[in-house]
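Numbering of ligands and ligand atoms starts at 1, following listing order. All values below were derived from every heavy atom in this structure, side-chain atoms included, with hydrogens, water molecules and symmetry-related copies excluded.
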Amino acid sequence: MIDATGMPQTAVVIGGSSQIARDTLLLLADRRLRSVVLAGRGEAALESTAAELRARGVEEVMTRYLDVTDTDRLDAFAKATACELDTIDLLLVAAGDLCAFDIDALDARTVSRAVVTNFAGPAATVVAFLGTLRAQGAGRIVILSSVAGVRVRKANLVYGAAKAGIDGFAVGLADALEGTGVEVTVVRPGFVRTKMTSGLKPAPLAVESSDVAEAIVKGLETGVPVIWVPPVLRAVFAFMRLFPRVLWRKIPG
Ligand SMILES: NC(=O)c1ccc[n+]([C@@H]2O[C@H](COP(=O)([O-])OP(=O)(O)OC[C@H]3O[C@@H](n4cnc5c(N)ncnc54)[C@H](OP(=O)(O)O)[C@@H]3O)[C@@H](O)[C@H]2O)c1
């Protein structure tokens, strides 16, 4: 059950080896977290986060194989997971992957895979859990979007478009679930130094994964529907949305 300060006792994490998810869970472990299901593809990476959570006192940490692009398996996965936890207080959706940046490096297969990994798969996973969450009449879904989806740049066209999709889905879902007791939070980080961005030149206003984790935990406390990390990006993108396209398309990678 989510406590009066918004802190979950149980969590299911999609993309359970994500660095942002790991840092968020470590903070939640210091609060009320007691049971977690980490779902993802890399057993060793999931186990590494699981071991850290157990060392922080989380009583029950389970790791489960899940590839969000395998959409035929998602309903069965959600049902099995719901049976493993008494309730699901938090569904944290962190699965995602950058895609080729250069238009010349894109092909149909790469584009399709990137859209399923960053949009269709995460959205379908959330939908697979909706029956359980709605039956509980409580719970919070936190979806990792990105500022890349707020206004898509040519430099990361496919990733940005997929993030625009998952962001729109999350905002619309929050409206659709109004009054059910299930709430949705959208997280819009800028550049975060994690394994996803290793080797890339940090963008201005780059942050650490621990900064995103702190913002998510604060957002759980306050119940805000949208979290920008760092917060100044909200104002920056309000302005950037108004940039004429002729200037926008000149922004380098
Ligand atoms: N880092 C940034 O600059 C940044 C900025 C804005 C938003 N975000 C978003 O924040 C989220 C977390 O990213 P992160 O920075 O923590 O990077 P990360 O450590 O690389 O985490 C991404 C996670 O997604 C998992 N994943 C990828 N494809 C998957 C699939 N098909 N099925 C299941 N899991 C899959 C990866 O696991 P495996 O590949 O090991 O299976 C990995 O654990 C992502 O949604 C990302 O788009 C990141």
S.K.: What about V142 and F169, same hydrophobic cluster or not, with Ile/Leu/Val/Met/Phe/Trp/Tyr joined at side-chain heavy-atom distances under 4.5 Å?
M.R.: no

S.K.: Contact between S145 and ligand 1, counting heavy atoms under 4.0 Å?
M.R.: yes

S.K.: What protein heavy atom sits nearest atom 32 (N) of ligand 1, and how far off is it?
M.R.: V68 N, 3.0 Å

S.K.: Would you find a donor on one side and an acceptor on the other, under 3.5 Å apart, between the side chain of R54 and the backbone of V61?
M.R.: yes

S.K.: Checking contacts here: is it the side chain or the backbone of T197 that comes within 4.0 Å of ligand 1, counting heavy atoms only? Could be both or neither.
M.R.: side chain

S.K.: Do the side chain of T117 and the main chain of A114 share a donor and acceptor less than 3.5 angstrom apart?
M.R.: no

S.K.: Heavy-atom distance to atom 34 (N) of ligand 1: which of P189, S198, A95 wins?
M.R.: A95

S.K.: Is ligand 1 under 4.0 Å from a heavy atom in the side chain of A45, in the backbone, in both, or in neither?
M.R.: neither

S.K.: Does K163 come within less than 4.0 Å of ligand 1, judged by its heavy atoms?
M.R.: yes

S.K.: Which residue from R188, K195, E43, Q19 reaches closest to atom 20 (O) of ligand 1 through any of its heavy atoms?
M.R.: K195

S.K.: Name the closest protein heavy atom to atom 3 (O) of ligand 1, giving the residue it belongs to and the distance to 0.1 Å.
M.R.: V192 N, 2.7 Å

S.K.: Do side-chain atoms of T197 reach the backbone of V192 as a donor and acceptor pair under 3.5 angstrom?
M.R.: yes

S.K.: Does A108 offer a backbone N or O that forms a donor-acceptor pair with the side chain of S112 under 3.5 Å?
M.R.: no

S.K.: Of all the atoms in ligand 1, which lie at a distance below 4.0 Å from a heavy atom belonging to Y159?
M.R.: 7 (C), 8 (N), 9 (C), 46 (C), 47 (O)

S.K.: Check each of L90, L28, V187 against I216 using the side-chain contact (heavy atoms from CB on, under 4.5 Å) test, and report the only one that passes.
M.R.: V187

S.K.: Examine S18 against ligand 1 and note whether any of their N/O atoms are separated by less than 3.5 Å.
M.R.: yes

S.K.: Do side-chain atoms of T110 reach the backbone of L106 as a donor and acceptor pair under 3.5 angstrom?
M.R.: no

S.K.: Using a 4.0 Å cut-off to any heavy atom of F191, which atoms of ligand 1 qualify?
M.R.: 3 (O)

S.K.: Hey, could you give me the CG/CG distance between L220 and L27, rounded to the nearest 0.5 Å?
M.R.: 10.0 Å

S.K.: Quick one: does any side-chain atom of K163 pair with a main-chain N or O of S146 as donor and acceptor, under 3.5 Å?
M.R.: no

S.K.: Between L98 and ligand 1, which residue portion shows a heavy-atom distance shorter than 4.0 Å: side chain, backbone, both, or neither?
M.R.: neither

S.K.: When you check the gap from the basic side-chain N to the acidic O, do K79 and E84 get nearer than 4.0 Å?
M.R.: no

S.K.: Which ligand 1 atoms, with their elements, are less than 4.0 angstrom from a heavy-atom of T117?
M.R.: 28 (N)

S.K.: Which ligand 1 atoms does T194 reach within 4.0 Å, using its non-hydrogen atoms?
M.R.: 1 (N), 14 (P), 15 (O), 17 (O)

S.K.: Tell me: protein heavy atom nearest atom 13 (O) of ligand 1, and distance?
M.R.: M196 CE, 3.8 Å

S.K.: State whether the side chain of D23 and the backbone N or O of S210 hold a donor-acceptor pair below 3.5 Å, judged by distance alone.
M.R.: yes

S.K.: Show the atoms of ligand 1 that are less than 4.0 angstrom away from any heavy atom in G190.
M.R.: 3 (O), 5 (C), 6 (C)

S.K.: Quick one: is the NZ or CZ of R153 closer than 6.0 Å to the six-membered ring centre of W248, and within 45° of its axis?
M.R.: no

S.K.: For R34, run the side chain to side chain donor-acceptor pair (under 3.5 Å) check against Q9, E60, E59 and tell me which one passes.
M.R.: Q9

S.K.: Going by the order shown, which atoms of ligand 1 are within less than 4.0 Å of some heavy atom of S17?
M.R.: 37 (O), 40 (O), 42 (C), 43 (O)

S.K.: Please work out whether any backbone atom (N, CA, C, O) or any side-chain heavy atom from C-beta onward of R193 is under 4.0 Å from ligand 1, and answer side chain, backbone, both or neither.
M.R.: neither

S.K.: At under 4.0 Å between heavy atoms, is it the side chain or the backbone of D67 that contacts ligand 1, or both, or neither?
M.R.: both

S.K.: Which residue holds the protein heavy atom closest to atom 38 (P) of ligand 1, what is that atom called, and what is the gap in Å?
M.R.: R41 NH2, 3.6 Å

S.K.: Under 4.0 Å from a heavy atom of L66: give me the atoms of ligand 1 that qualify, with their elements.
M.R.: 32 (N), 33 (C)

S.K.: Which of the numbered atoms in ligand 1 are under 4.0 angstrom from any heavy atom belonging to T69?
M.R.: 31 (N)

S.K.: Among G96, G16, G15, which one puts a heavy atom closest to atom 22 (C) of ligand 1?
M.R.: G96

S.K.: Flag A94 as yes when one of its N or O atoms lies below 3.5 Å from any N or O atom of ligand 1, and as no otherwise.
M.R.: yes

S.K.: To check you understand the geometry: which heavy-atom pair defines the closest contact between V207 and P230, and what is its length?
M.R.: CG1-CD, 3.6 Å

